[in-house]
There are 2 protein chains.
Amino acid sequence: MLDERKRKILKEIVDEYIDTAEPVSSAIIVEKYENNISSATVRNDMAELEKAGYLEKTHTSSGRVPSAKGYRLYVDELLKYDNISLEEIKYIQEKLESKANSIEELTKIATTTLSEITHYTTVSIGPKTTGQIIEEIKFVLLGSRMLMGIIVTDTGLVRETIIKFDEDVTEEQVETLNYFFNTKLKGEPIERIDASLEQYIFRELKCSINIIKPIIEQMKKLIDDEEKIYLEGANKSFELPEFKSLELAKNFVNLLDTKEVMLDILNTGFAEDIQIYIGDENDNEDLKDFSIVTFKHSVGDKDLGTIGIIGPRRMNYSKVISVMKYISKKLNEDFEQNNK
Amino acid sequence: MLDERKRKILKEIVDEYIDTAEPVSSAIIVEKYENNISSATVRNDMAELEKAGYLEKTHTSSGRVPSAKGYRLYVDELLKYDNISLEEIKYIQEKLESKANSIEELTKIATTTLSEITHYTTVSIGPKTTGQIIEEIKFVLLGSRMLMGIIVTDTGLVRETIIKFDEDVTEEQVETLNYFFNTKLKGEPIERIDASLEQYIFRELKCSINIIKPIIEQMKKLIDDEEKIYLEGANKSFELPEFKSLELAKNFVNLLDTKEVMLDILNTGFAEDIQIYIGDENDNEDLKDFSIVTFKHSVGDKDLGTIGIIGPRRMNYSKVISVMKYISKKLNEDFEQNNK
DNA sequence: ATTAGCAGTCGAAGATATTGAGTGCTAATG
DNA sequence: CATTAGCACTCAATATCTTCGACTGCTAAT
């Protein structure tokens, strides 16, 4: 349906719009990209591209702006994702090689780096604990009424929590707990820790319920920890021309502050693949002027965290996705390296 | 210099401006507050208040707006801070009594509650480790090449970190470390852990430097941890009329995103006292349109965290400070309770 | 299929007028 | 002398109108 030239012109229009944030006119296309055809020809093609839903006009006599459908074709078929320079590659390598002490930390470093290179706002969340296998579980007595509970999973994820008691706990009790939890839970998925465990332990261990209850309570919290979004470069977005619109700026802050929408999006991505959400493809109102690109870092079915970029629909997809592709590759390599 | 009536009128003007965000005219004052004098009288007083620097005009024929000096007099001398309702007190009690597992968590709960009640953006930082006395220090072996180091201080603060090694570590080594660190550091201020310790341990323990080095490195990081600002209700600020100004909105996002300025302010407050920063009293450009109210929670000279409210200069100081006063009192009580 | 050419559209920007919410000042008042 | 009525004056905000020019779409010629 779209011949080669129309696809080329569509790409040029999107490129130009991403660059200038201004509606693109036929004259500009001729001047900058298509020196051998006349603006009238471009206009004809534009009219057809508009009829097909790839372009929009802001008013009758304005230039064209890509529609969500236009962006979609653009990112899916018209772009190559090798828009990354040697300097950028070097910079990323440097950053990611600075040894992080945990997966979460590495994810944060990657998130920050991504924002630095792309100049967009980036977000990330840590790994979902669900599905992870308990490799080690330990309780450490701190003082006489405080315990630290630590879980290590097969992906190297470490989670710890403080548990406070109203009565003294002895070293022997802690040893019993350690022995019991390890024999029962090692090799089990982490979500095995739940309320049903409480009764079971109570029967088996004859340990005071005043001790078991807070332990299970806190350990459970570890699993479905309300997820924290790590945010980098929120102010960068405010430099973009679209943020001149107060309405839009407000939506943006709302989005980042209420978190739910972002969590939703960060959580729905599929493993190992870059997901692209373009404006009104999503039905959330606040999101309609933004695009989000996410990448879920994982091994097998185990989640290691998700990183996202949020920017205006007119985002530099080529750069963003190229850089993200590289970072994701690098993260996987590093993980293999560390766990081989 | 200012007679009673002028002070009264100043307070009324600030009250009114805080309420409406519009320059206040003499007519409004007469209508709403001073039914027994004429607007001409109020105008005369206003003129003098302006000459004395407490009021400003946005243009020759506009109403008056409080100056920073005006706000200062207002908060220092004209306000009573008992502007808190029974419902609010009850709500705060409820929130703060939900048992938190650490001081940091309690501070966060207080921060969130403060934002909920005042409808302003709130921020907080956790306790400074400096000055705290080590009560317990423990290393726990996780797997064969990973250690968790845990420090408990006299204020009940718990900090932990993961330490990774390139070689295996044995249980005996960990025991030696535990024994050594505890005998040497218990009762010492936390900042005793520094590079000089590394050599000392190396000599005393004859333990591999490959093990000691990463430990000290990580433990040091624990102390001067780059501080994380906890932020609540950033979007609430965007509902305020002053945020119609893009310039101001941008400054706000910058402020919260770059963190340094906020950290600076949160760190300079004096213990146990509510600090009020009003707009251009501060010389930071980004801050000139905002006021910040902070409270540093502490016992003795030990810091337990700082909470702040950031809003427009036209902030509801009475409400904000009243609520903060109550929360601070409550936090102290709770702490006494838990540590008695 | 392409293109030159031209009429038509409409937002952006600038000029001008209008309005009214304020003030400050003066002169009168108790 | 403090207070006040009254009035001239100021100026931001708003509305109205004009102009300008960057676009398009269409037609007719190539």
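Letters go in sequence order (proteins before strands), and every chain restarts at 1. The shown structure was predicted, so the numbers you read here are calculated from the model rather than taken from an experiment. The figures that follow rest on heavy atoms only: side chains count, while hydrogens, waters and symmetry mates do not.
- The side chain of B:Arg64 places an N or O atom within less than 4.0 Å of a non-bridging phosphate oxygen (OP1 or OP2) of C:dG24.
- Counting non-hydrogen atoms under 4.0 angstrom, A:Asp3 reaches nothing in the nucleic acid.
- Taking both residues in full, the closest heavy atoms of B:Asn254 and B:Thr258 are given as O-OG1, 2.6 Å, listed atom of the first, atom of the second, then distance.
- By the 30° and 60° cut-offs, the orientation of the rings of B:Phe252 relative to B:Phe243 is perpendicular.
- A cation-pi arrangement is present between A:Lys69 and A:Tyr54 under the rule of less than 6.0 angstrom and at most 45 degrees off the ring axis.
- Taking a heavy-atom distance under 4.0 Å as the criterion, the stretch of DNA chain D touched by chain B extends 5' to 3' from D:dT3 to D:dA12.
- Base pairing annotation: C:dT3 forms a Watson-Crick or G-U wobble pair with D:dA28, both donor-acceptor distances under 3.5 Å.
- In this entry the distance linking CD of B:Glu22 with C1' of C:dA21 reads 11 Å, nearest Å.
- The B:Ser25 side chain lies nearest to C:dT23 when the options are C:dT23, C:dG24, C:dT3.
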Expected rows: protein N/O vs nucleotides 7-11 of chain C N/O, under 3.5 Å:
| residue | atom | partner | partner atom | Å |
| --- | --- | --- | --- | --- |
| C:dT9 | O3' | A:Thr60 | OG1 | 3.3 |
| C:dT9 | O2 | A:Ser61 | OG | 2.8 |
| C:dC10 | OP1 | A:Thr60 | OG1 | 2.9 |
| C:dC10 | O5' | A:Thr60 | OG1 | 3.3 |
| C:dC10 | O4' | A:Ser61 | OG | 3.4 |

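- Aromatic rings from B:Tyr317 and B:Tyr71 are positioned such that their centres are separated by under 6.0 Å.
- Distances shorter than 4.0 Å separate none of the side-chain N or O atoms of A:Ser38 from OP1 or OP2 on C:dT2.
- Applying the side-chain hydrogen bond (donor to acceptor under 3.5 Å, both in side chains) criterion to A:Ser318, with sequence neighbours excluded, gives A:Asn83.
- At whole-Å resolution of the value, CG in B:Asn44 and C1' in C:dT23 are 11 Å apart.
- Using a 4.0 Å heavy-atom cutoff across all strands shown, A:Asn36 reaches sugar-phosphate atoms only and no base atom.
- Atom CD of A:Glu260 sits in a sparse spot, with 12 or fewer heavy atoms from other residues, nucleotides or ligands closer than 6.0 Å.
- Between B:Ser39 and A:Met46, the one whose closest nucleotide on DNA chain D sits nearer the 5' end is B:Ser39.
- For A:Lys244 and C:dA12, the NZ to C1' distance is 15 Å, given to the nearest whole Å.
- In this structure the side chain of B:Met46 never reaches within 4.5 angstrom of the side chain of B:Lys51, judged on heavy atoms.
- Each of B:Thr122, B:Thr112, B:Thr111 was scored for a side chain to side chain donor-acceptor pair (under 3.5 Å) with B:Tyr230, with one residue passing: B:Thr112.
- Contact check for A:Ile265 versus A:Tyr277: side-chain heavy atoms found under the 4.5 Å cut-off.
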